[in-house]
Amino acid sequence: MNQPNTVTVKILDKDYQVACPEEQESDLVVSAKYLDKQMRSIRETGKVIGLERIAVMAALNISYELLQASEHSDGAAPAPEPGAVESLNRKLDDALYQLRQLEIG
């Protein structure tokens, strides 16, 4: 059986290993950099304290951006692949769990 492809991404100076198909590795890296940028921006405001809260605020902001982009795209936005949203939710849940573990430890 093949070993899953694992990619290490850095978000807020912490490394996270994420299982990812090789053909999606570059997209994952770009997404992680975007998330890192969003989380740093939120943290720098000083209004949100705690990594979990920063991550949730970033997720809400990115979700809002996605919804706005899809509403303004003349209906030409491609439908997500089956299971893509669930996969992203699992990855977000895993990242939040790891953040909680780091805060506890």
Side-chain angles (χ1 to χ4, degrees):
M1 184 152 68
N2 289 342
Q3 288 285 357
N5 184 43
T6 302
V7 178
T8 301
V9 296
K10 187 173 281 222
I11 300 171
L12 289 182
D13 302 321
K14 296 188 186 329
D15 289 333
Y16 298 93
Q17 291 194 354
V18 182
C20 175
E22 284 186 47
E23 63 274 9
Q24 295 177 2
E25 185 174 329
S26 62
D27 290 337
L28 173 63
V29 170
V30 169
S31 298
K33 286 181 181 179
Y34 184 73
L35 177 58
D36 180 66
K37 178 182 167 191
Q38 295 295 317
M39 289 179 69
R40 285 178 187 281
S41 175
I42 291 167
R43 183 177 66 181
E44 287 170 4
T45 67
K47 295 179 183 177
V48 181
I49 299 173
L51 291 176
E52 184 174 342
R53 289 176 188 246
I54 291 170
V56 169
M57 291 304 299
L60 287 170
N61 289 340
I62 293 168
S63 296
Y64 177 77
E65 291 172 7
L66 177 63
L67 289 172
Q68 290 299 305
S70 66
E71 287 177 6
H72 292 63
S73 69
D74 299 336
E81 293 180 26
V85 173
E86 291 81 7
S87 174
L88 287 173
N89 279 332
R90 277 193 304 277
K91 288 177 183 179
L92 180 58
D93 287 342
D94 290 344
L96 288 172
Y97 175 78
Q98 290 177 3
L99 283 172
R100 277 190 231 111
Q101 294 305 311
L102 290 171
E103 287 178 340
I104 292 171

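Just so you know, residue 1 is the first one in the sequence shown, and it goes up from there. No experiment lies behind these values; they were computed from the predicted model shown.
Between Ile42 and Ile54, the shortest heavy-atom contact is CD1-O, 4.0 Å.
Hydrophobic clustering (ILVMFWY, side-chain heavy atoms < 4.5 Å, transitive): Val30 and Ile62 are in distinct clusters.
Counting heavy atoms from C-beta on, the side chains of Tyr34 and Glu65 come closer than 4.5 Å. Considering only heavy atoms from C-beta on, Val9 comes within 4.5 Å of Val7 through its side chain. Between Leu51 and Lys14, some side-chain heavy-atom pair lies under the 4.5 Å cut-off. At least one side-chain heavy atom of Ile11 sits under 4.5 Å from a side-chain heavy atom of Tyr16. Contact check for Asp13 versus Arg40: side-chain heavy atoms found under the 4.5 Å cut-off.
To the nearest 0.5 Å, atoms CD (Gln17) and OG1 (Thr6) are separated by 6.0 Å. Atom NZ of Lys33 sits about 13.5 Å away from atom CG of Leu35, to the nearest 0.5 Å. Here the straight-line distance linking atom CG of Asn61 with atom CG of Leu66 works out to 12.5 Å at 0.5 Å rounding. The distance from atom CG of Leu12 to atom CE of Met39, rounded to the nearest 0.5 Å, is 4.0 Å. With rounding to the nearest 0.5 Å, the separation of OG in Ser63 from CD in Gln68 is 11.5 Å.
Here the side chain of Ser31 pairs a donor or acceptor atom with the backbone of Asp27 at under 3.5 angstrom. Side-chain atoms of Asp15 never come within 3.5 Å of backbone atoms of Thr8 as a donor-acceptor pair (strictly under, hydrogens ignored).
Between Asp36 and Arg43 there is no salt bridge, since no side-chain N of the basic residue sits under 4.0 Å from a carboxylate O of the acidic one.
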